[in-house]
Structures are given as C-alpha cells and as structure tokens.
Amino acid sequence: MKLIRYGAAGHEKTGVQIEGVNYSTAGFGNDYHEQFFENGGIEALAAYLKDNQDKLEKIDDNERLGSPIARPSKIVCIGLNYADHAHETNAPLPPEPVIFFKSTTSLTGPFDNVVIPKNSVKTDWEVELAVVIGKKASYVEEAEAADYIAGYVLHNDVSEREFQLERNGTWDKGKGCDTFAPMGPFLATPDELSDINNLSLWLKVNGETMQNGSTSNLIFNIPFLVSYVSQFMTLLPGDVISTGTPAGVGLGFKPPVYLKPGDVMELGIDGLGSSRQQVVAYEKN
C-alpha cells in the first residue's frame, strides 16, 4: 500500500494512492500515527480497502499533500552513511553510524515551501531514504529488523551548515529548523519496493542535477541501522530513521553552493515518488 495524508496543515485527513490516483480513507477513522502502527493499523487498513475500494472517493488534484505520517515521537538521522558524501565533506568514514536528531516540528509536506531560517546563509539539501518503524523496537537483532519496518518514505534532510558545523555542540541545531523535514508524497509498505538495497535517489536544484546516487552504496544497511539505533533508544511505532545522503550536497562544492529564496528543489527515489519544494525567506508571523 501507499499511504498519504492530505488537507490543510495540522488538519490532514488520511488516504491511499492506488495506481497513481489518490483516494480518501477518511471513513477509516484513524490517522497514521503511533497508535495506528502499534495497533495493527496497516492490516486493518488493508482490510478496509478490500471491503471499500469501489466506494473510495478520489481526492482533488489541487489538494495539498501533507507528510504521509503524523508527527512521530522522534526523527532519527544517520550522518555520513555514503562514502562519497563523507569524502566530499572531508570527513573520515565513520566506524559506527553517526546519529543525530531532527526536531519533529521540522516535519512538513512534500510540496510545501522550505523556509530559510532567520540569519541563515548556508541552507543546504539532502535527498534521503527514510524508514518508518512499525512496532516498538528495543535491542532488536539485525536478522529480525525487517519485522519492525512499516514502510519507507522520501525525505529531504534540509540542513543549515553554519548552525550545524560552526556554532559548537551537536549537529541538531542545524537540522531541526521549521520546514527542514519534507516527507512524502507517500509511505510505501515494504511489498511495494523490489529491492531496498538498490534504489536510485536523486535531487535537482533549479532543474540541475546535484545528487544522483543509489542505496547500494550505503555504508551501513537498513537492517543494521534499525538494530543499531534500537541498542541506544526505544523506537516507537511511527518513528523515522533517515538513512543518509549521497554526494552532491551544496557543502561539497568548491566553493560551496547554498539555497536562496526562489530556488526550487526536486527529488525522488525509485518506488517512492518525487517531491518539490520552493525555497522562501523567513518572515516573522
């Protein structure tokens, strides 16, 4: 299945995408949140679709798409998980996964604007494959990791490099700004993807290809990451692990290239669709 959420920000309704068409599942009566995943929501939704597929209402093409999952308890990210990206940023290959967090308030829809933060001059892009956890995970064995995965989603790990790298402390302050986690357009359950270890992922800025990589080049693969992260924290249903980005980020150019108001990012992953965000300047509400 391909799960979507649509409607005004903060008031999204649920839906599914079937053969490229978006349909409402508002009658299902359950948002795609922690309790949904924890209580067998995917299986219940599959049964609902089987009984109601001919009755589903098509969603207007002009409707806004939100993040395909409601706000999770945490967004865990893996840094430097592609060798070419580590090389371009002059970082050594990590002996163990680098873990940082994005604030859950950074979560936004796949076609929403990305806001350059106040006082930012180094906002950057990162296309990533993100994993959505399906059930409570603590001290998971790598061989059992697939049992804990609800699905996968396209993620743009937008980053402010000065905040991240030049302002002391951890990376988190450059990763969690508002609008810095566009996700979607849909969450794909594992059966929708042929080979999670060999998916192409790409990102363009203003029509120019900046990133063009493959999940075959991950340093630490997805089962290992699920197991590894669960050794340090309990992962709850609906939590996200974003698995890293390939080479081609703005920081890696010589000289670096950063986003400015009016720029347009387009990105995609095989089997997970594509998204588009326009960059706008911060304005006080």
Side-chain angles (χ1 to χ4, degrees), residues 1-72 75 104-114 127-134 149-157 179-194 196 199 201 237-242 265-278:
M1 289 186 295
K2 296 177 179 178
L3 282 59
I4 64 168
R5 295 170 71 249
Y6 69 98
H11 302 279
E12 289 90 350
K13 301 175 184 178
T14 62
V16 292
Q17 185 178 108
I18 301 172
E19 296 181 354
V21 179
N22 294 333
Y23 295 94
S24 174
T25 59
F28 177 65
N30 201 350
D31 201 358
Y32 302 151
H33 48 38
E34 180 181 337
Q35 293 72 30
F36 167 82
F37 293 107
E38 183 177 33
N39 296 319
I42 288 181
E43 293 77 12
L45 179 60
Y48 174 85
L49 293 176
K50 183 177 180 181
D51 293 339
N52 295 276
Q53 186 162 337
D54 294 338
K55 306 172 188 174
L56 296 178
E57 179 181 348
K58 183 180 176 182
I59 299 170
D60 190 285
D61 291 339
N62 294 320
E63 281 278 10
R64 170 188 174 271
L65 289 182
S67 162
I69 57 170
R71 185 185 297 179
I75 301 172
T104 59
T105 50
S106 66
L107 185 65
T108 191
F111 302 102
D112 292 342
N113 290 339
V114 164
V127 60
E128 303 202 3
L129 170 69
V131 180
V132 179
I133 299 300
I149 295 174
Y152 303 92
V153 64
L154 170 65
H155 174 216
N156 188 354
D157 175 21
T179 74
F180 268 26
M183 289 195 193
F186 52 77
L187 178 153
T189 51
D191 57 292
E192 292 281 351
L193 300 174
S194 56
I196 198 66
L199 301 178
L201 62 169
D239 280 355
V240 174
I241 300 176
S242 199
M265 296 177 285
E266 299 169 279
L267 56 150
I269 299 178
D270 288 349
L272 293 176
S274 61
S275 66
R276 179 185 186 276
Q277 298 97 41
Q278 183 167 339

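Residues meeting the side chain to side chain contact (heavy atoms under 4.5 Å, CB included) test with E57, sequence neighbours left out: none. With sequence neighbours left out, Y6 forms a ring-ring contact (aromatic ring centres under 6.0 Å, His included) with no residue at all. In this view, T105 and R71, S103, D178 satisfy the side chain to side chain contact (heavy atoms under 4.5 Å, CB included) rule, not counting sequence neighbours. Every salt bridge (charged side-chain N to carboxylate O under 4.0 Å, His left out) that D157 has, sequence neighbours left out, goes to K102, K175. When the ring-ring contact (aromatic ring centres under 6.0 Å, His included) test is applied to Y32, the partners found at least two apart in sequence or on another chain are F36. Not counting sequence neighbours, D61 has no partner by the side-chain hydrogen bond (donor to acceptor under 3.5 Å, both in side chains) test. In this structure E34 satisfies the side-chain hydrogen bond (donor to acceptor under 3.5 Å, both in side chains) test with no other residue, sequence neighbours excluded. Scanning for side chain to side chain contact (heavy atoms under 4.5 Å, CB included) contacts around N39 gives Q35, with sequence neighbours left out. Looking at residues two or more places apart in sequence or on another chain, you find a side-chain hydrogen bond (donor to acceptor under 3.5 Å, both in side chains) between D60 and N62. In this view, N22 and I4, Q17, I59, L65 satisfy the side chain to side chain contact (heavy atoms under 4.5 Å, CB included) rule, not counting sequence neighbours. For D112, the side-chain hydrogen bond (donor to acceptor under 3.5 Å, both in side chains) test picks out R64, T108, with sequence neighbours left out.
Distance check, rounded to the nearest 0.5 Å: CZ of F37 to CG of D239 gives 10.5 Å. The distance from the OH atom of Y48 to the CG atom of L56 is 6.0 Å, given to the nearest 0.5 Å. Atom CD1 of I149 is separated from atom CD1 of I133 by 6.5 Å, given to the nearest 0.5 angstrom. We find the CG-NZ distance between L187 and K2 to be 11.5 Å, quoted to the nearest 0.5 Å. To the nearest 0.5 Å, atoms CZ (F180) and CG (L107) are separated by 14.0 Å. The CG atom of D191 sits 7.5 Å away from the CE atom of M1 when rounded to the nearest 0.5 Å.
Counting all heavy atoms, side chain and backbone alike, A70 lies closest to D31 at CB-OD2, 3.8 Å. S274 and P185 get closest at one heavy-atom pair: O-CD, 3.3 Å. Counting all heavy atoms, side chain and backbone alike, S275 lies closest to G184 at CB-O, 3.9 Å. Taking every heavy atom of both residues into account, I75 and S106 meet most closely at CD1-OG, 4.4 Å. A pairwise comparison of heavy atoms in I69 and R5 identifies O-NH1, 3.5 Å as the closest pair. Taking both residues in full, the closest heavy atoms of G134 and P237 are given as O-CB, 3.8 Å, listed atom of the first, atom of the second, then distance.
A donor-acceptor contact shorter than 3.5 Å is absent between the side chain of S67 and the backbone of M183. E12 contributes a side-chain N or O that, together with a main-chain N or O of G10, makes up a donor-acceptor pair within less than 3.5 Å. For the pair Q278 (side chain) and V114 (backbone), a donor-acceptor distance under 3.5 Å is absent.
Counting heavy atoms from C-beta on, the side chains of I269 and Y152 never come closer than 4.5 Å. Between L193 and L272, some side-chain heavy-atom pair lies under the 4.5 Å cut-off. Counting heavy atoms from C-beta outward, V240 and H155 have side chains that stay 4.5 Å or more apart. Side-chain contact between V132 and P72 is absent, with no heavy atoms from C-beta onward closer than 4.5 Å. L3 places none of its side-chain heavy atoms less than 4.5 Å from the side chain of T25.
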Run the numbers on M265 and V127 for side-chain contact (heavy atoms from CB on, under 4.5 Å), then give the verdict.
CA-CA 10 Å; M265 296 177 285; V127 60; over 6 Å; no
Should T179 and N113 be marked as a side-chain contact (heavy atoms from CB on, under 4.5 Å) after you check the CA-CA gap, both sets of side-chain angles, and the distance that decides it?
CA-CA 7 Å; T179 74; N113 290 339; over 6 Å; no
Determine, step by step, whether L45 and T14 satisfy the side-chain contact (heavy atoms from CB on, under 4.5 Å) criterion, reporting the C-alpha distance in whole Å, the side-chain angles of both residues, the deciding distance to 0.1 Å, and the verdict.
CA-CA 11 Å; L45 179 60; T14 62; over 6 Å; no
Given side-chain contact (heavy atoms from CB on, under 4.5 Å), test L267 with Q277 step by step and report yes or no.
CA-CA 9 Å; L267 56 150; Q277 298 97 41; 3.5 Å; yes
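Legend: salt bridge (Lys or Arg N to Asp or Glu O under 4.0 Å) pairs involving residues 36-55, not counting sequence neighbours: none detected.
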